[in-house]
There are 2 protein chains.
Amino acid sequence: MYRIGELAKACDINNDTLRFYEKNALLSPSSRSESGYRLYTEKDKEILQFILRAKGVGFTLAEIRELLSIEVNKADNACADVKILVDTKLADVERKLAELTRFQTSLKRLSDACCGGEESAEHCTILEALESNTNNVRHEHHHD
Amino acid sequence: MYRIGELAKACDINNDTLRFYEKNALLSPSSRSESGYRLYTEKDKEILQFILRAKGVGFTLAEIRELLSIEVNKADNACADVKILVDTKLADVERKLAELTRFQTSLKRLSDACCGGEESAEHCTILEALESNTNNVRHEHHHD
DNA sequence: CTTGACCTATGATCTAGATCTAAGGTTTAT
DNA sequence: ATAAACCTTAGATCTAGATCATAGGTCAAG
Ligand SMILES: [Zn+2]
Ligand SMILES: [Zn+2]
Ligand SMILES: [Zn+2]
Ligand SMILES: [Zn+2]
């Protein structure tokens, strides 16, 4: 049996995070001591580790709640149910990747077009690109 | 001169967003009507478009505030100052890309290892991977 | 002259995932 | 027996970027 501080330390998280997970129906201690302290079992610890691993691959707590509800009742769920959660998340991650990749491309183009020197920014291509209504940054050098 | 609703509509944002930008020192209307209505000039509109373009390449509002403070005082800033902002942001975006790519890899591995069929999830490799303390998902099939 | 669209200011609410505070009770060690 | 460390609860705070609610003032059309 772990008290909150022991489990938190063992899993390298904050005590408050465990209370937060409890309030948000992710993990409740199996019992309480006479004085009301939370008491976690080995099984509880395994569930916590499940949560932390799921976080580690990108799942939100809401998604982890779904995973856990399958986990505790495996027999009544199909592989398909689990895989859908993973594939939905994967699509989500790939959408975010696409957006960030667009950012990366734009920023690289901006960076490459700017000399980065100590000259006045009056003709800086970066600022010009942000001022203008074109998306394209011309790569010609800007200082006379 | 645009009133708040006119400028907001022209730039496809919410009136409240303009008030929010004003409160957060990004864009203030050049003047007010006698009755206190915000009045935006063409110049104000251009600044707003600058802000929206900067958002479009991934800058946060705090970063845009910095860009704007250079923009309004170009002569006293160097290309280097602008480029540093872009390169810092680029590094930031690339860190996030790296994390998402890790998520993508893990999720793909999980997805590929699961049959996704209608069989009970009792031996689902995805759940097994999240239960176990190994990072590796074995690709062997899981149902007997 | 009244309806409806638009505007004002201030402050609350939302998401997500915690973290922190306050006021107090418990346990352990010295 | 008393200090330190730990625990309890409820509720506030934080980031970021808005959006919404409230209560009221302004303006154009019919
Ligand atoms: Zn330059
Ligand atoms: Zn430049
Ligand atoms: Zn299967
Ligand atoms: Zn499976």
Side-chain angles (χ1 to χ4, degrees), chain A residues 1-40 44 48 50-68 88-89 92-93 95-96 99-100 103, chain B residues 1-40 44 48 50-68 88-89 92-93 95-96 99-100 103:
Chain A
M1 295 293 233
Y2 301 87
R3 285 194 303 185
I4 194 171
E6 293 166 345
L7 181 59
K9 185 167 287 180
C11 295
D12 198 29
I13 60 172
N14 192 300
N15 296 12
D16 284 324
T17 303
L18 281 171
R19 295 196 189 94
F20 175 79
Y21 286 173
E22 181 175 350
K23 199 172 56 177
N24 289 275
L26 285 159
L27 174 62
S28 293
S30 292
S31 59
R32 295 275 184 140
S33 74
E34 286 186 12
S35 52
Y37 288 13
R38 290 168 177 81
L39 296 175
Y40 296 90
D44 294 332
L48 176 58
F50 182 103
I51 293 169
L52 298 178
R53 272 179 222 114
K55 266 171 60 71
V57 300
F59 285 107
T60 64
L61 299 188
E63 291 158 350
I64 293 171
R65 221 172 0 247
E66 291 193 72
L67 281 170
L68 282 172
T88 301
K89 187 69 198 177
D92 193 44
V93 164
R95 248 184 299 107
K96 286 186 191 151
E99 179 174 38
L100 281 177
F103 288 171
Chain B
M1 296 292 233
Y2 301 87
R3 284 193 305 184
I4 194 169
E6 293 166 346
L7 181 59
K9 185 167 290 181
C11 294
D12 198 29
I13 60 173
N14 191 299
N15 295 14
D16 282 325
T17 302
L18 281 172
R19 296 197 188 94
F20 174 79
Y21 286 174
E22 181 175 350
K23 198 173 58 176
N24 288 275
L26 285 159
L27 174 63
S28 293
S30 291
S31 58
R32 295 278 182 140
S33 74
E34 287 186 12
S35 52
Y37 289 12
R38 290 168 177 81
L39 295 173
Y40 296 90
D44 293 333
L48 176 58
F50 182 103
I51 293 169
L52 297 177
R53 272 181 221 113
K55 266 171 59 71
V57 301
F59 284 107
T60 65
L61 299 187
E63 291 157 352
I64 293 171
R65 218 170 5 245
E66 290 193 73
L67 281 170
L68 283 171
T88 302
K89 186 69 197 179
D92 193 43
V93 164
R95 246 184 300 107
K96 286 185 192 151
E99 180 174 37
L100 281 177
F103 288 170

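Fair warning: this is a prediction, and the values are worked out from it, not measured in the lab. In the text below, chain A, chain B and the rest are named by the order of the sequence lines, each starting its count at 1.
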Would you indicate what [X] reaches in the nucleic acid, counting non-hydrogen atoms under 4.0 angstrom: base, sugar-phosphate, or nothing?
X: R3(A); result: sugar-phosphate
X: K9(B); result: nothing
X: R19(A); result: base
X: K23(A); result: nothing
X: D16(A); result: base
X: T60(B); result: sugar-phosphate

Which whole-number value in Å describes the distance from [X] [atom1] to [N] [atom2]?
X: R38(A); N: dT26(C); atom1: CZ; atom2: P; value: 15 Å
X: L18(A); N: dC6(D); atom1: CG; atom2: P; value: 15 Å
X: R32(B); N: dT26(D); atom1: CZ; atom2: C1'; value: 14 Å
X: L52(A); N: dG17(C); atom1: CG; atom2: C1'; value: 13 Å

Return no unless some side-chain N or O of [X] is found under 4.0 Å from OP1 or OP2 of [N].
X: Y21(B); N: dG17(D); value: no
X: N15(B); N: dC7(C); value: yes
X: S35(A); N: dT27(C); value: yes
X: T17(B); N: dT19(D); value: yes

**OP:** Search all heavy atoms of C11(B) against all heavy atoms of L48(B) and return the closest pair with its distance.
**Re:** SG-CD2, 3.6 Å
Original post:
F20(A) side chain: which of dA18(D), dT8(C), dT19(C) is closest?
Top reply: dT19(C)
Original post:
Under 3.5 Å, is there an N or O donor on one side and an acceptor on the other linking the side chain of Y37(B) and the base of dG25(D)?
Top reply: yes
Original post:
Rounded to the nearest 0.5 Å, how far apart are CD of E63(A) and CG of D92(A)?
Top reply: 6.5 Å
